[in-house]
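Labels below follow one simple rule: chain letters A, B, ... track the order of the sequence lines, proteins then strands, and each chain is numbered from 1. Just the heavy atoms: all of them, side chains too, but no hydrogens, waters or symmetry mates, feed the values below.
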Amino acid sequence: MEDAFRPSTDLDDPPNSRLFLVTSKSITEDVIRENFTMFGEIQDVWVVKDKQTKESKGVSFVKFAKSSEACAAMEEMHGKCLVEGTKPIKVFIAQARSSGSHKDVEDEELTRIFVMIPKTFTEEDLKETFKVYGDIEYCIVVKNKSTGESKGLGYVRFHKPSHAATAIEKCDKTFRAILAEPRNKTPAPENDYFNNARPDHTMNDPGISAYPFADAGNYPRADMRGSDIITRCLMVSSRASVTQEQIYSLFDLIPGMDYCEMQQDSYGFSTGHTMIRYNNLGSAVYAKNKLDGFEYPPGNRLVVTHIDDGEDRRSPVGRMAMQLVAAQMMSIVCNPAGPQLRKTSTVYPSPAVPQCPRIQTDVALPPPQKLAPSDSRAKERLFVVFKPSPLPMDVLEDVFCRFGSLIEVFLVPGRNVGYMKYAERKSAEDAMATLHGQMINGVKMKVMLADPPKEESHKRQRTY
DNA sequence: CGACGGGACGC
DNA sequence: CGACGGGACGC
């Protein structure tokens with residue numbers, strides 16, 4: 001599944017996932033590998049050597065699957081001595097091959113993220129939402145200077161690059177989190193759209209899954225924060241317009257809800273984010289398990305995540321207690337007919353909810369796969385025409401992800417067409433081969449390779 | 001035939 | 001000071 005080597009694209013993908021090491025010339029690839037495996041999935045280690053003498057130049061590159069892994073390794077290993085008597089190593093995030101620059105990448109550029117937020121989000125809301133990924137230095141909501149009204153944009157500055165990277169990788173994708181451009185910098189020339197000249201670059205990156213509980217193997221991480229937290233508070237995110245009352249009714253099916261408020265924009269429209277709190281941990285865990293991924297209204301898949309509620313999770317005792325409760329709840333939720341562990345006294349009423357989008361088709365579909373990380377480069381896109389009308393986004397995501405490396409579904413507003421972005425060419429080709437001319441839920445699809453997006457010559461706007 | 005989105009500023 | 005290899009083939 002994972003090829004050891006691939007033709008080099010001159011890009012680092014995902015961004016900031018490669019380390020630049022300065023070491024004694026005696027440090028070998030094996031030593032580097034031994035010292036860095038614990039931080040994540042190493043995809044490549046390369047010690048730069050003199051072409052003639054084969055002697056190390058004291059410079060190496062270590063490519064990780066994820067930026068958060070590379071950052072954690074950098075934070076932990078910079079200044080460490082790998083072999084007795086050798087000089088301490090220096091560890092930096094490597095400059096992208098295409099950048100041409102050899103300047104050190106500074107923490108300044110790696111610790112501030114830029115996010116889209118509901119218009120009602122305050123800086124405190126921002127902090128509450130993102131502090132689960134690490135210590136925050138400050139949060140900023142971008143506001144209209146004269147009216148003071150939020151523009152629905154925010155910045156979060158973390159203390160550590162690994163925390164910013166983890167936030168980008170793990171926060172709800174409706175935030176569209178990316179690294180913020182440093183304020184003074186001219187927008188990086190950064191590479192153009194997608195590069196269709198090259199074969200695939202296999203990443204096998206467990207990205208943000210659209211499928212609850214699909215996360216299986218995780219790599220050891222430097223810390224255990226992130227979305228592993230378990231709290232009484234939930235954030236419910238919806239792409240389609242829903243009312244607070246609708247969300248309330250749904251989540252009130254589970255006993256113990258004591259708070260439910262939808263974030264609204266200045267016109268009173270729903271922003272798709274609703275905060276919910278239960279008076280006990282078990283109900284919150286149950287609600288997340290039952291309703292994360294639930295289609296409501298049909299065709300719109302809700303995303304439910306725990307958010308930090310300020311309770312002390314650092315104390316080992318508190319954390320263990322919560323995990324215990326969570327584990328009990330899990331066993332009840334996951335084994336409804338379950339054997340010994342079942343305690344009848346704690347069984348909750350089950351909302352009558354289908355779990356996945358119903359897909360009706362004659363096509364033999366492979367099982368769903370994880371989405372590629374949203375910062376993956378699109379190596380191929382499909383252009384899809386629907387008759388008589390487009391399928392819902394989440395159905396499309398469910399169908400088109402099954403060939404691997406799907407980054408994103410984009411429906412052109414007001415038209416019966418859309419685009420599927422893939423991080424690997426083969427995935428797109430497989431999807432096209434299987435789905436072209438087929439019928440899904442009564443909708444006929446033409447599935448073709450998309451023409452490259454129109455060349456806006458040398459505009460800087462990146463497609464994130 | 002059926003074609004292209006979203007998002008930039010305070011310590 | 002300390003920056004960029006190896007090998008590539010299926011549709």
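Within the nucleic acid shown, Lys90(A) comes within 4.0 Å of at least one base atom, counting heavy atoms only. Residue-level contact check: Lys87(A) touches the backbone only, with heavy atoms under 4.0 Å from sugar-phosphate atoms and none from bases. Heavy atoms of Val142(A) sit under 4.0 angstrom from primed sugar atoms or phosphate atoms, though from no base atom.
For the pair Thr86(A) and Ile27(A), the minimum side-chain heavy-atom distance is below 4.5 Å.
The aromatic ring of Trp46(A) does not sit over the base of dG6(C); the criterion of centres under 5.5 Å apart with planes under 30° is not met. Taking a centre distance below 5.5 Å and an interplanar angle below 30 degrees as the stacking criterion, Phe20(A) stacks against the six-membered base ring of dA3(C).
Rounded to whole angstrom, the span from the CG atom of Leu179(A) across to the C1' atom of dC9(B) amounts to 15 Å. Atom pair Asp44(A):CG and dC4(C):P shows a separation of 15 Å (rounding to whole Å applied). Taking atom CE of residue Met432(A) and atom C1' of nucleotide dG10(C), one finds them 14 Å apart after rounding to whole Å. Separating the CZ atom of Arg381(A) from the C1' atom of dC4(B) is a distance of 6 Å, rounded to the nearest angstrom. Rounded to an integer number of Å, the gap from CG of Leu382(A) to P of dC4(B) is 17 Å. When the C1' atom of dA3(C) is taken as reference, atom CG of Asp12(A) falls 12 Å away, rounded to whole Å. Regarding Asp104(A), its CG atom lies at a distance of 12 Å from the P atom of dC1(C), rounded to whole Å. Between the P atom of dC4(B) and the CE atom of Met448(A) lies a distance of 14 Å, rounded to the nearest Å.
Which of dA3(B), dG2(C), dG5(C) sits closest to the side chain of Lys25(A) comes down to dG2(C). When each of dA3(B), dG2(C), dA8(B) is scored by its nearest atom to the side-chain atoms of Glu181(A), the top-ranked nucleotide is dA8(B). In the set dG5(B), dC4(B), dG2(B), dG2(B) carries the atom at the smallest distance from any side-chain atom of Lys446(A). Between dC4(C), dG5(B), dG2(C), one nucleotide has an atom nearer to the side chain of Phe410(A) than all others, and that is dG5(B). Nearest nucleotide to the Arg112(A) side chain, out of dA8(B), dG2(C), dC4(C): dA8(B). Closest to the side chain of Arg183(A), from the set dA3(B), dC9(B), dG5(B), is dC9(B). Comparing dC4(C), dC9(B), dG2(C) by their nearest atom to the side chain of Tyr155(A) picks out dC9(B). In the set dG2(B), dA8(B), dA3(C), dG2(B) carries the atom at the smallest distance from any side-chain atom of Val385(A).
Projected onto DNA chain B by closest heavy-atom contact, Glu137(A) and Val115(A) fall at different nucleotides, the more 5' of which corresponds to Val115(A). Nearest-nucleotide positions on DNA chain C place Phe92(A) closer to the 5' end than the other of Phe92(A) and Val47(A).
Taking the six-membered ring where the residue is Trp, His163(A) and Phe158(A) present perpendicular rings, their angle passing 60° and hence far from 30°.
Taking Glu29(A) as the reference, Arg33(A) meet the salt bridge (charged side-chain N to carboxylate O under 4.0 Å, His left out) condition, with sequence neighbours excluded.
Listed pair Arg97(A) / dA3(C) fails the phosphate criterion, with no side-chain N or O lying under 4.0 Å from OP1 or OP2. Using a 4.0 Å cut-off, no side-chain N or O of Lys49(A) falls inside it from OP1 or OP2 of dC4(C).
Below the 3.5 angstrom threshold, one finds no donor paired with an acceptor across the side chain of Glu429(A) and the base of dG10(C).
Comment: Glu41(A) does not engage Lys63(A) in a salt bridge, judged by the lack of any side-chain N to carboxylate O separation of less than 4.0 angstrom.
Checking Ser238(A) against Asn300(A) by side-chain atom types alone, a donor-acceptor pair falls below 3.5 Å. Judged by distance alone, the side chains of Ser427(A) and Asp430(A) never bring a donor and an acceptor atom under 3.5 Å apart.
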